[in-house]
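Notes for the one structure printed next.
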2 protein chains.
Amino acid sequence: MDHDDSAAGSTDVLERLGAFSDRDDWPAKGWCRIERSLDVIGTRSAMLVVRELFYGGSKFDELARRTGLSEAVVAGRLKQLYADGIVDRRPYREAGKRTRDEYVLTERGRGLFPIVVALVEWGEGLRDDHRTGVELVHRDCGTSLSAVVTCEKGHEVPVDRAAVRLKGEEYALAGLRRGSK
Amino acid sequence: MDHDDSAAGSTDVLERLGAFSDRDDWPAKGWCRIERSLDVIGTRSAMLVVRELFYGGSKFDELARRTGLSEAVVAGRLKQLYADGIVDRRPYREAGKRTRDEYVLTERGRGLFPIVVALVEWGEGLRDDHRTGVELVHRDCGTSLSAVVTCEKGHEVPVDRAAVRLKGEEYALAGLRRGSK
DNA sequence: GTTCTGGCTATGGTTTATATGAGCCAGGGT
DNA sequence: ACCCTGGCTCATATAAACCATAGCCAGAAC
């Protein structure tokens, strides 16, 4: 297989600043935000349930059927997602049916939107059938959605213009070269 | 536990358009981009390796040590990530050492950047210690990074202004009717 | 050659994730 | 009262993910 990668520059990857410049000093264990996120939504079943919640599913049987997961797994995930504050339960009642709970995304759950969009977008390039599948669009203008990285000033930030540092180390732009440590 | 969610409106979630308006007609199995993405980076170990690649790790022992994963798992992940075109191997040589391979993200691998940023950002809100951990910033202005959803025209799109529809609906509908199973 | 180092693999065991199928039970219908 | 449906749980089983240890082996140093 030839991976025709045109990345000649050996480091168009995150620049490490300050104390983080030697990576090995920082034990990610228990602190890394990514690991924490993965503790909550790191399983296939969790993401599939979240997907269906975004797609409008709310009842237990909808979520089980549409994800293709077993009922036991869906029940377990919903319990965990509830405990973690991703979904809320609210009782409702259909005519002729008993009251039951439906599941809706909380604010925190809706905060997963960029992740969902990014996963859809990235999955697009994985195989070569570009004609099928779903696509996410802007209701107002109809164009398709994309997850982009921006800074607080609204600049779009590509990987090679991004950096990573330990939180709390306020680094003036001028002090970037100070090796710290 | 009280989940004080202020989401009164029952559907600030994706609007479903066209044939996708009844969700049950579309079997996600095998087509969903999210599922495909998860097939590649859906495990904890895969994301941790990707994290370290973004943080500048490239050698085998770096990746093993910094992820905290066992060597066997790292080796397996690297093999899979290589097969899927996420990383490329390039031989190099340190003085006095034998030649070996280092691993660098391909273009496709770097395409995971929004997902990494979104995971870091979302993980931030999960517990209440906001002072530690790493943060991603813009090299140029120093402000922290965020993954936002935009349409092709550059509008920022919140969840409740987004919609989902089948891609190339003519094709998809025809395909489904022909009993594509 | 021989030695030694480091990237990687192979083996075996534990934990986690998921499927399958059976079954409980709250509560509305009647 | 009794039945029945559907949300959910339990029990069991399989598969996948992961760790720990040991060991292989290419190749540079000598």
Side-chain angles (χ1 to χ4, degrees), chain A residues 24 27-30 32 34-36 38-53 57-84 87-104, chain B residues 24 28-30 32 34-35 38-53 57-84 87-104:
Chain A
D24 288 302
K29 188 82 177 180
C32 175
I34 294 178
E35 293 189 18
R36 292 189 181 182
L38 293 178
D39 287 340
V40 181
I41 50 152
T43 65
R44 177 182 196 77
S45 57
M47 274 309 303
L48 293 187
V49 169
V50 167
R51 178 191 73 189
E52 290 308 326
L53 290 167
S58 61
K59 304 172 195 166
F60 181 82
D61 71 308
E62 286 175 341
L63 298 175
R65 185 176 60 252
R66 296 174 183 177
T67 55
L69 297 166
S70 69
E71 294 179 346
V73 171
V74 173
R77 282 298 159 236
L78 286 172
K79 199 168 290 185
Q80 185 196 333
L81 291 173
Y82 177 74
D84 289 329
V87 299
D88 205 355
R89 352 181 74 172
R90 59 180 57 166
Y92 79 111
R93 166 100 189 279
E94 281 178 351
K97 304 282 183 62
R98 81 193 223 201
T99 56
R100 42 182 174 171
D101 281 341
E102 64 176 353
Y103 302 87
V104 296
Chain B
D24 288 304
K29 188 80 175 179
C32 174
I34 295 178
E35 293 190 18
L38 293 178
D39 287 340
V40 180
I41 50 152
T43 65
R44 178 181 196 79
S45 57
M47 274 309 303
L48 294 187
V49 170
V50 166
R51 178 191 73 189
E52 291 308 328
L53 289 167
S58 61
K59 303 172 195 167
F60 181 83
D61 70 308
E62 286 175 341
L63 299 175
R65 185 176 59 252
R66 297 174 182 177
T67 55
L69 297 166
S70 68
E71 294 180 347
V73 171
V74 173
R77 282 298 159 237
L78 286 172
K79 200 169 289 185
Q80 185 196 333
L81 291 174
Y82 177 73
D84 289 329
V87 299
D88 206 355
R89 353 181 70 167
R90 60 181 55 169
Y92 79 111
R93 168 101 188 278
E94 282 178 349
K97 304 284 181 63
R98 78 191 225 202
T99 56
R100 41 182 174 171
D101 281 340
E102 64 178 352
Y103 301 87
V104 296

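Since we're looking at a predicted model, the values are computed, not measured. All chains are named by letter (A, B, ...) in the order of the sequence lines, taking the proteins before the strands, and each is independently numbered beginning at 1.
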**Message:** Measuring from the side chain of Y103(A) (C-beta onward, heavy atoms only), which nucleotide among dC8(D), dC8(C), dT18(C) has the closest atom?
**Reply:** dC8(D)
**Request:** Starting at atom CG of L81(B), determine the distance to atom P of dC8(C), rounded to an integer number of angstrom.
**Result:** 14 Å
**Item:** Shortest side-chain distance from S70(B), nucleotide among dC8(C), dA20(D), dT20(C)
**Value:** dA20(D)
**Item:** Nearest-nucleotide pick for E71(B), side chain only, options being dA22(D), dA20(D), dT20(C)
**Value:** dA22(D)
**Request:** Take V74(B) and F60(B) through the test side chain to side chain contact (heavy atoms under 4.5 Å, CB included) and record every step on the way to the result.
**Result:** CA-CA 8 Å; V74(B) 173; F60(B) 181 83; 4.0 Å; yes
**Message:** Taking 4.0 Å as the cut-off, does a side-chain nitrogen or oxygen of S45(B) come that near to OP1 or OP2 on dA17(D)?
**Reply:** no
**Prompt:** Contact class for T43(B) (heavy atom, under 4.0 Å): base, sugar-phosphate, or nothing?
**Reply:** sugar-phosphate
**Request:** Among the candidates dT9(D), dT18(C), dG28(C), find the nucleotide nearest to the side-chain atoms of A75(A).
**Result:** dT9(D)
**Fill in**
Whole-Å distance, L38(B) CG to dT18(C) C1', equals 15 Å
**Request:** Show your reasoning for whether side chain to side chain contact (heavy atoms under 4.5 Å, CB included) applies to R51(A) and R66(A).
**Result:** CA-CA 10 Å; R51(A) 178 191 73 189; R66(A) 296 174 183 177; 5.5 Å; no
**Message:** In this structure, how many angstroms lie between the P atom of dT18(C) and the CG atom of L78(A), rounded?
**Reply:** 13 Å
**Item:** Interatomic distance, E62(B) CD vs dG6(C) C1' [rounded to whole Å]
**Value:** 14 Å
**Message:** Under a 3.5 Å distance rule, please check whether E62(B) uses its side chain to pair with a backbone N or O of K59(B) as donor and acceptor.
**Reply:** yes
**Request:** Send over the distance from I41(A) CD1 to dA17(C) C1', rounded to a whole Å.
**Result:** 17 Å
**Message:** Closest-nucleotide mapping onto DNA chain D: is A72(A) or Y92(A) further toward the 5' terminus? I mean the 5' end.
**Reply:** Y92(A)
**Asked** Starting at CG of D61(A) and ending at P of dT9(D), how long is that distance when rounded to a whole Å?
**Response** 15 Å
**Request:** Could you tell me whether G68(B) contacts a base, only the sugar-phosphate backbone, or nothing, with contacts defined as non-hydrogen atoms closer than 4.0 Å?
**Result:** sugar-phosphate
**Request:** Specify the separation, in whole Å, of atom CE of M47(B) and atom P of dA17(D).
**Result:** 16 Å
**Message:** I want to confirm an ordering. Mapping R44(A) and G76(B) to their closest nucleotides on DNA chain C, which one lands closer to the 5' end?
**Reply:** G76(B)
**Request:** Would you please test D101(B) and R90(B) for salt bridge (charged side-chain N to carboxylate O under 4.0 Å, His left out) and show each step?
**Result:** CA-CA 5 Å; D101(B) 281 340; R90(B) 60 181 55 169; over 6 Å; no
**Asked** Hey, does the side chain of R77(A) come within less than 4.0 Å of dT18(C)'s phosphate (OP1/OP2), counting only N and O?
**Response** yes
**Message:** So if I take every side-chain heavy atom of F60(A) and compare against dC8(D), dA19(C), dA10(C), which nucleotide ends up nearest?
**Reply:** dC8(D)
**Asked** With L53(A), which of L63(A), L48(A), V104(A) fulfils side-chain contact (heavy atoms from CB on, under 4.5 Å)?
**Response** L63(A)
**Item:** Separation of dT5(D) C1' from K59(A) NZ (nearest whole Å)
**Value:** 15 Å
**Message:** With a 4.0 Å cutoff (strictly under), does any side-chain N or O of K79(B) reach OP1 or OP2 of dT9(C)?
**Reply:** yes
